[in-house]
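Following: one structure in structure tokens, then a few remarks.
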Amino acid sequence: MKSILPLVFLFQFSSIVLTSLAYTLPDKYFINCGSDNNMNSTGRVFTGDLNSGSFSFTKQSSPVRDSNQAGQSATIYQTARVFRQPSLYEFEISNTSTYLVRLHFFAFSSPTPTNLSTAVFDVSTSEFSLLRNFTIQNSSKSPIVKEFLLSINLGKFNIYFVPKVSTFAFVNAIEVFPAPESFIPDTTPHITSTGSNGNYMDILSKVLHTIHRINVGGLTVTEDNDTLWRTWVPDDSYLYNSDTAENRASYTGKLNYQGRVSEYIAPGFVYRTAKQMNISGGSPTNNFNITWSFSVRKNARHFVRVHFCDIVSPSLNVLIFNLFIVGKFKQEINPYDEVGQLAAPFYFDFVVDSDDSGIMNISVGPNTKSYLENTAFLNGLEIMEIMEKSGSAPVISRTKKGHVLVLVVSILGCLSLIGVLAVFIFLGLKCRKPKPAEPLDSWSALPVYGGGSSHSRVTEKSTNGSMTPNYLNLGLKIPLGEIQFATKNFNTKLVIGKGGFGNVYRGILMNGMKVAVKRSETGSGQGLSEFQSEIMVLSKIRHRHLVSLIGYCDERSEMILVYEFMEKGTLREHLYNSNFPCLSWKQRLEICIGAARGIHYLHKGSDGGIIHRDIKSTNILLDENHVAKVADFGLSRSGPSDQTHVSTAVKGTFGYLDPEYFRSQQLTEKSDVYSFGVVLLEVLCARPAIDPLLPREQVNLAEWGMLCKNKGILEEIIDPSIKDMINPNSLRKFAETAEKCLEEDSADRPTMGDVLWDLEYALQLQQIATRREPHEDSTTDASNVLTSSNVSGFPSLSESVNEDVMPISDSLNMSETEVFSQLRITHAR
Ligand SMILES: *[C@@H]1O[C@H](CO)[C@@H](O)[C@H](O)[C@H]1NC(C)=O
Ligand SMILES: *[C@@H]1O[C@H](CO)[C@@H](O)[C@H](O)[C@H]1NC(C)=O
Ligand SMILES: *[C@@H]1O[C@H](CO)[C@@H](O)[C@H](O)[C@H]1NC(C)=O
Ligand SMILES: *[C@@H]1O[C@H](CO)[C@@H](O)[C@H](O)[C@H]1NC(C)=O
Ligand SMILES: *[C@@H]1O[C@H](CO)[C@@H](O)[C@H](O)[C@H]1NC(C)=O
Ligand SMILES: *[C@@H]1O[C@H](CO)[C@@H](O)[C@H](O)[C@H]1NC(C)=O
Ligand SMILES: *[C@@H]1O[C@H](CO)[C@@H](O)[C@H](O)[C@H]1NC(C)=O
Ligand SMILES: *[C@@H]1O[C@H](CO)[C@@H](O)[C@H](O)[C@H]1NC(C)=O
Ligand SMILES: *[C@@H]1O[C@H](CO)[C@@H](O)[C@H](O)[C@H]1NC(C)=O
């Protein structure tokens, strides 16, 4: 039995007068949580919550301090308050008005057991749920600021922090201060999926959650340069096609703020810069739009504010252009009509319904009525999600006793109202059985999204029904919008490969990473099970010689896999029927060795027991340094460890298919060895595994190669362009290796480990020969070579299994930036 103390929080801040704002009101709260220090931060004084006698807190909440930042200059991010029970902060509000509420979160490293990145919690007001299942697990590198705009009535205003079962909540700093008068209108035009649809009313009864705040054409405007301590980020990463727009030189003259527009609407930094149409680019027609694409919550309502300031026109009344919102809605923008002078800021507000694409497009484009042709611009943009009242406020019952607010909270998980007592309450522990940590929201692997409220990297939970079973939800999910962005909406010009499954596109993610995007067509050969199999296999393993999976997308029954981009394409393209320069024998050996390492790792590595089932020269890809990586794990199977084979329907590629497997349907690792033997011959002879145009006995490379080898005429079918470069010993070793791989009986075939060893040996033989020539006999007996010092550094087999393995930490603990940086490391190697 354990007594649960009522949770008490009360702030009775005497007015903190800040003279910097013209509309100064008494209700301004800037709170430095978990600290006894008042902190000056860019014009605000954050009062330490331990500092004042006008509040109290219970044993269930504790201040924590960053142990690492001691001695560095003080910031509000050095301390936090931790809540292990549902708790609240309470503010006295003396004037009904619209308020800005900002919550600051930063998971500094604090001593165990309070690792702030493990917190998962809800934040709400009495009527609105502000954050749900919130965690900064994946964005612990920099502070996250969540900003909300809401009307608060005279009286008390509460912010509740409710930890999830077996975890806790925390907050570093809180801001609650009134917005300037009429900052947010109550009514705006409403844009629905069909276009404009009258007015949207009653905005002020909702909560607005800032998700994007953009300074178009300029640099980041930080909180110290903003009148309301907002952060505005540059627009470049949101541009749909960066060639369509160019930055307008920053305007240095006086801005003519007028009417309802003041510095509080947006600071001068926002209005002094803009993007305009890039017509110098020699676009065939100068009739195009500039489009920005923003990730938004699907099927939700958003408050959108577009900022303009004509710093573009040379004289008055010469410019009209069009503004498009989600493609359906068009508004003519005539700066002269709006403000009657140049360099005068103005803005428009809309409420816009998002569709199920999760993308909101905003465009500007030319209008034929304009005297100034081919001109359109934009200065700034804000998008806020409109949050409806939710019934999910924490179940809290309260009794007021003087100035002390008493909260009695049922233990989370029971969610039943226990009762109210003046002092404290005894609770049975029955309903408090520790539960396993709750699964976190699915997330999107995209750092640049959600940047609205400044530093946020946590993306909104995707609301679509996912067809992927939970066990696949490995944190690799990429929103469809991001993939459409990367591939310019599956632009056919970006197709780099086609197959039975669909197309492969080249693309660039918003973070600048080059990727290959494989999109299965519905009804194509590659089914859901192959899709899932590939995700399962690739998410478990990372290896220098296996192509890395960056993510996947299964929204709207798409089956999309996103891989690291392999600059040099497939091995086959480098062997025949293409314009790539001819690979040297040494390069070919190195590629074969790389691929063999990858396959060996699949078979025997830490997650071993994986059979690839489709080894062929088009599934071995080359990066910019010709490092080979094995790709396409759609057919892969994990063999049960207690069995030596798996019985499955025969799948694979004709010409590479193990004849024994074909007959017996018993799949073993040796089937991959066979297919790899065919690849070795392909590399040696530079011809396809199956060439139906050749005489019958030559059609199948495996058969024809072995026939020639047995007749002793293998040399005759070697790729003529390298024939003279190959050292005979190296060739002999290589040919023997291929022959062993292609043995009829799988028991007679070597393991991939043996193959790897033999190929390393063939490479050594080639290199020794190259070094010795022309002074010594290049046909040195292999046994001599083995004793020579050059060969002493042969890798041991166990080394070769593991030396290229990328550390793959538990994906649940790995942030997307970490994933990406790992991949970059892979790339750089
Ligand atoms: C904050 O700044 C003001 C003046 O800018 C100064 O008077 C005050 O002492 C400062 N407070 C702290 C805690 O540094
Ligand atoms: C409340 O706010 C209004 C404007 O929003 C202002 O005119 C009035 O003076 C304020 N009242 C108090 C008590 O501050
Ligand atoms: C805190 O937890 C995160 C993820 O759960 C982990 O990556 C990090 O190393 C932990 N930090 C400390 C100081 O233990
Ligand atoms: C704020 O504006 C000033 C004046 O333009 C500039 O020098 C400074 O770098 C800006 N500060 C930040 C943090 O952007
Ligand atoms: C304008 O377009 C041209 C070609 O379309 C491009 O080369 C140039 O980089 C673009 N300018 C900007 C600022 O994007
Ligand atoms: C600009 O975008 C709108 C909305 O998507 C479209 O209707 C219009 O045709 C576009 N204009 C040009 C010139 O591409
Ligand atoms: C956004 O605009 C681009 C370019 O016009 C278009 O291809 C894409 O389909 C649009 N996306 C949505 C969700 O409207
Ligand atoms: C939060 O997590 C709980 C448990 O994992 C889940 O039932 C709930 O739907 C989640 N809520 C939201 C809004 O994602
Ligand atoms: C954090 O990342 C892991 C994978 O790295 C993922 O499983 C988890 O869902 C993410 N959490 C959030 C809240 O995005």
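Note that ligands are numbered from 1 as they come in the structure, with each ligand's atoms numbered from 1 the same way.
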Quiz prompt | Candidate pair Phe303 and Tyr200, rule ring-ring contact (aromatic ring centres under 6.0 Å, His included), full reasoning | solution = CA-CA 10 Å; Phe303 180 83; Tyr200 184 90; 9.5 Å; no

Exercise. Would you indicate whether the side-chain heavy atoms of Tyr251 and Tyr271 approach each other to under 4.5 Å?
Key: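 A side-chain contact is absent here, since even the closest heavy-atom pair is not under 4.5 Å.
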
Quiz item: With respect to Asn367, which candidate in Lys330, Glu373, Glu332 satisfies the side chain to side chain donor-acceptor pair (under 3.5 Å) definition?
Solution: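 So the option named by the test is Glu332.
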
Quiz item: Counting from 1, what ligand 5 atoms have a heavy atom of Ala245 closer than 4.0 Å?
Solution: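 Near Ala245, meaning under 4.0 Å from one of its heavy atoms, ligand 5 has 12 (C), 13 (C), 14 (O).
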
Quiz prompt | Contact atoms of ligand 5, heavy-atom distance to Ser242 under 4.0 Å | solution =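 Near Ser242, the atoms of ligand 5 are 14 (O).
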
Self-check item: Distance in Å, Leu208 CG paired with Arg305 CZ, rounded so as to fall on 0.5 Å steps
Solution: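 Atom-to-atom, Leu208:CG and Arg305:CZ are 9.5 Å apart.
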
Quiz item: Would Lys493 and Tyr505 count as having a side-chain donor-acceptor pair, cut-off 3.5 Å?
Solution: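 Per modelled atom types, Lys493 and Tyr505 side chains form no pair under 3.5 Å.
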
Exercise. For Glu147 and Thr210, test the side chains for any donor-to-acceptor distance below 3.5 angstrom and give the result as yes or no.
Key: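 Yes, because at least one side-chain N or O of Glu147 sits under 3.5 Å from a partner of the opposite role on Thr210.
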
Exercise. Of all the heavy-atom pairs spanning Arg230 and Pro267, show the shortest one and how long it is.
Key: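 Nearest pair, atom of Arg230 first, then Pro267: NH2-CD, 4.0 Å.
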
Practice problem: May I ask you to check whether Asn278 has an N/O atom sitting below 3.5 Å from an N/O atom of ligand 5? | Solution: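 Min N/O separation from ligand 5 is below 3.5 Å for Asn278.
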
Quiz item: Which ligand 6 atoms does Asn287 reach within 4.0 Å, using its non-hydrogen atoms?
Solution: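 In order of number, 13 (C).
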
Quiz item: Is there a side-chain hydrogen bond (donor to acceptor under 3.5 Å, both in side chains) between Asn215 and Thr273 once you walk through the steps?
Solution: CA-CA 8 Å; Asn215 177 19; Thr273 61; 3.0 Å; yes

Quiz prompt | Protein residues having a heavy atom less than 4.0 Å from any atom of ligand 7 | solution =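 Those residues closer than 4.0 Å to ligand 7 by some heavy atom are Tyr240, Thr291, Ser357, Ile359, Asn361, Asn489.
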
